[in-house]
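These notes concern the structure reproduced below.
All values below come from the heavy atoms of this structure, side chains included, with hydrogens, waters and symmetry mates left out.
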Amino acid sequence: MRMLPVGLDGVLVEVAGLAEAMALHDRLRADPPPGVVEIVPAARTVLVRTDPAVLPPARLRAWLRRPATTAPASSARRAASAVLPTVYDGADLAEVAALLGTSPHALVERHAATAWSVAFTGFAPGFGYLVGAGWDLDAPRREVPRTRVPAGAVGLAGPYAGAYPRETPGGWQLIGATRATLFDPDAAEPALLTPGTSVRFTPVRAEVRAAAGTASSTSGRAAAAARRTAPVAEGIRIVEPGLSATVQDAGRPGRAAEGVARSGAADPPAWALGNRLLGNAAGAAALEVTMGGFRAVAECDLAVVVTGAWTPLTIAGRALDPYVVHPWPAGSELALGWALRGSRAYLGVRGGFDAPRAVGSRSTDTLSGIGPAPLRSGDRMPVARETAGPIPALPLHPWGFPRDGSDLDRSGPVAAPLVLGPRADWFTASALGALADAEWTVSPASDRVGIRLDGPVLGRARSEELPSEAMVPGSVQVPPSGRPVVFGVDGPVTGGYPVVGVVPPPYLALLGQARPGSRVRFVLRGSR
């Protein structure tokens with residue numbers, strides 16, 4: 001068992017293989033000590049994230065090294081079960097059966113008779129990698145992944161089976177489809193399949209699935225129509241959202257084992273400062289506006305503040321300062337010009353913005369599609385009543401270190417600490433030297449999912465494929481191109497390329513204000 005550092009608050013425990021990782025995950029989640037934030041299994045690793053102030057590193061490592069008790073660790077895995085009614089009519093059924101040296105009928109019979117369990121999740125919220133008792137078939141992934149795999153598709157890849165919770169690209173071999181709801185963001189337990197869940201696939205007729213699909217589709221359209229016609233509380237009307245405007249709050253921390261990213265504000269200090277300036281509750285939602293160009297009209301009298309990127313602000317044509325609370329009278333238009341420094345401004349109102357919660361948060365996750373859709377012209381955003389006290393009489397920002405993006409001015413690079421690990425040993429010494437010495441440039445392809453950096457190619461010391469393992473926001477992953485990607489708050493929770501290091505949260509927030517052309521230098525730090 002190896003313990004590999006993941007930033008300042010995580011350890012990636014590497015074991016011999018999948019069976020050992022599943023057993024370790026069972027043992028750790030049976031009785032976690034105070035200070036453990038989340039435990040995320042993968043193919044041969046288990047990520048343990050902690051609050052170091054509650055669980056110091058030495059005590060964490062002692063707990064991880066503790067021998068297993070005599071109690072059956074697998075009991076936790078038998079606690080949950082799911083039955084997936086499945087129509088075995090997948091587009092790849094005949095082809096993959098031939099590749100595996102069997103017939104479609106025999107493959108279906110064996111798949112349906114196998115007792116499956118969820119080893120780990122990832123790829124998309126609610127997507128479970130299933131392993132089967134006695135299943136020894138290894139199905140190759142498609143050479144050319146599909147750009148669209150429908151929700152409910154059941155597939156095989158390598159030793160795993162799985163079912164797609166939502167429409168997404170994918171390279172698995174499709175053998176059927178299920179009508180089961182695999183992920184419901186409005187449910188108390190959104191994911192049907194979580195690590196340890198026992199799963200059975202039950203064959204059903206195609207016409208049953210078609211009828212169920214029609215009913216589900218009709219229900220979904222009716223629900224969408226009801227949302228469009230329901231009365232909306234007073235708030236604001238979007239005239240122009242700019243490049244991108246989304247609803248953001250504190251996000252969804254601690255849900256990685258369900259395949260759910262943290263999401264939330266890309267610059268949490270700027271978002272939180274806006275709530276303090278307005279006297280809002282700590283979790284009130286704001287609008288995250290990328291690069292500016294935003295316009296909206298107030299439908300009632302409001303108090304408003306803009307934090308984050310330093311962005312020209314006008315209300316009813318009058319130029320005003322950011323980081324100061326201003327009245328926003330009913331009927332008047334607020335406009336944010338193009339950001340002068342930084343990239344993401346936070347528009348907050350007294351009481352916060354209201355939107356339906358999904359998996360406990362109002363945040364928009366741009367990768368998975370969880371939460372409200374990005375705003376469009378004509379949308380209305382109601383105002384909530386999430387206040388904690390009056391608006392402070394004195395401005396707070398002189399003591400709050402406002403983040404105006406000035407440290408991302410192109411006159412000089414931003415210095416971002418990088419805690420090496422967990423896979424720094426997969427790279428050559430010259431690559432680690434280049435990582436520290438190079439001045440990296442933020443690519444125009446960057447977004448909330450990942451900050452892509454242009455610069456030298458980082459060579460690898462090891463060329464084999466890395467099994468999927470959990471990642472945290474701030475992970476610097478290096479794909480085959482050799483150019484690093486700093487994963488942001490909407491980044492995937494698992495990945496199959498090596499992570500050379502992790503940018504700590506305060507500096508990930510700083511990089512969240514990066515704009516195309518910004519320059520970055522990494523300051524390498526050893527592991528704890």
Side-chain angles (χ1 to χ4, degrees), residues 1-15 21 37-50 57 120-123 253 256-257 259 261-262 367 416-436 438 440 442-443 446-453 455-508 511-512 520-528:
M1 183 172 74
R2 296 176 62 203
M3 299 185 193
L4 309 173
V6 180
L8 301 176
D9 62 354
V11 170
L12 194 69
V13 185
E14 185 178 43
V15 292
V37 176
E38 60 183 352
I39 303 172
V40 188
R44 66 182 187 198
T45 58
V46 178
L47 172 67
V48 182
R49 297 195 69 189
T50 66
F120 57 95
T121 60
F123 174 63
R262 191 191 81 192
L367 179 62
L418 181 69
V419 181
L420 288 176
R423 299 297 178 184
D425 60 343
W426 280 53
F427 296 88
T428 64
S430 60
L432 296 179
L435 185 66
W440 302 90
V442 176
S443 164
S446 301
D447 54 22
R448 285 174 50 86
V449 176
I451 301 158
R452 300 178 183 274
L453 301 177
V457 173
L458 300 181
R460 282 171 52 169
R462 299 174 61 175
S463 59
E464 67 264 34
E465 185 176 346
L466 179 70
S468 293
E469 57 190 25
M471 299 189 301
V472 300
S475 293
V476 181
Q477 190 182 77
V478 184
S481 68
R483 290 189 169 86
V485 179
V486 185
F487 278 112
V489 290
D490 286 354
V493 300
T494 61
Y497 299 132
V499 171
V500 67
V502 179
V503 175
Y507 294 90
L508 179 60
L511 292 180
V520 176
R521 279 190 178 275
F522 289 118
V523 180
L524 270 54
R525 295 180 179 177
S527 62
R528 59 180 180 172

Considering non-hydrogen atoms only, spot the tightest contact between [X] and [Y] and give its length.
X    : Y    : result
A434 : P456 : CB-CG, 4.3 Å
V493 : A256 : CG2-O, 3.9 Å
V449 : P492 : CG1-CD, 4.2 Å
P467 : A43  : CB-CB, 3.6 Å
L435 : W440 : O-NE1, 3.4 Å
P484 : V476 : CB-CG1, 3.6 Å

Hey, does [Y] have a side-chain heavy atom less than 4.5 Å from the side chain of [X]?
X    : Y    : result
R448 : V489 : yes
V37  : P253 : no
F522 : V486 : yes
R44  : F120 : no
V485 : Y497 : no

Trace of the side-chain contact (heavy atoms from CB on, under 4.5 Å) decision for M1 with V13: CA-CA 7 Å; M1 183 172 74; V13 185; 3.3 Å; yes

Checking the side chain of [X] only, and the main-chain atoms of [Y] only, is there a donor and an acceptor separated by less than 3.5 Å?
X    : Y    : value
R483 : G455 : yes
T121 : A257 : yes
T428 : A461 : no

W426 CH2 to R462 CZ distance, which is reported to the nearest 0.5 Å: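 Result: 4.5 Å between the selected atoms.
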
Interatomic spacing from CZ in R452 to CZ in F487 - rounded to 0.5 Å: 7.0 Å

side-chain contact (heavy atoms from CB on, under 4.5 Å) between R423 and L4, worked out: CA-CA 8 Å; R423 299 297 178 184; L4 309 173; 3.7 Å; yes

E465, CD: over 12 other non-hydrogen atoms inside 6.0 angstrom: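 No, the 6.0 Å shell around CD holds no more than 12 heavy atoms from other groups.
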
Working for side-chain contact (heavy atoms from CB on, under 4.5 Å), residues L432 and V500: CA-CA 9 Å; L432 296 179; V500 67; 3.7 Å; yes

Audit row: V442, L453, side-chain contact (heavy atoms from CB on, under 4.5 Å) steps and yes/no: CA-CA 5 Å; V442 176; L453 301 177; 4.1 Å; yes

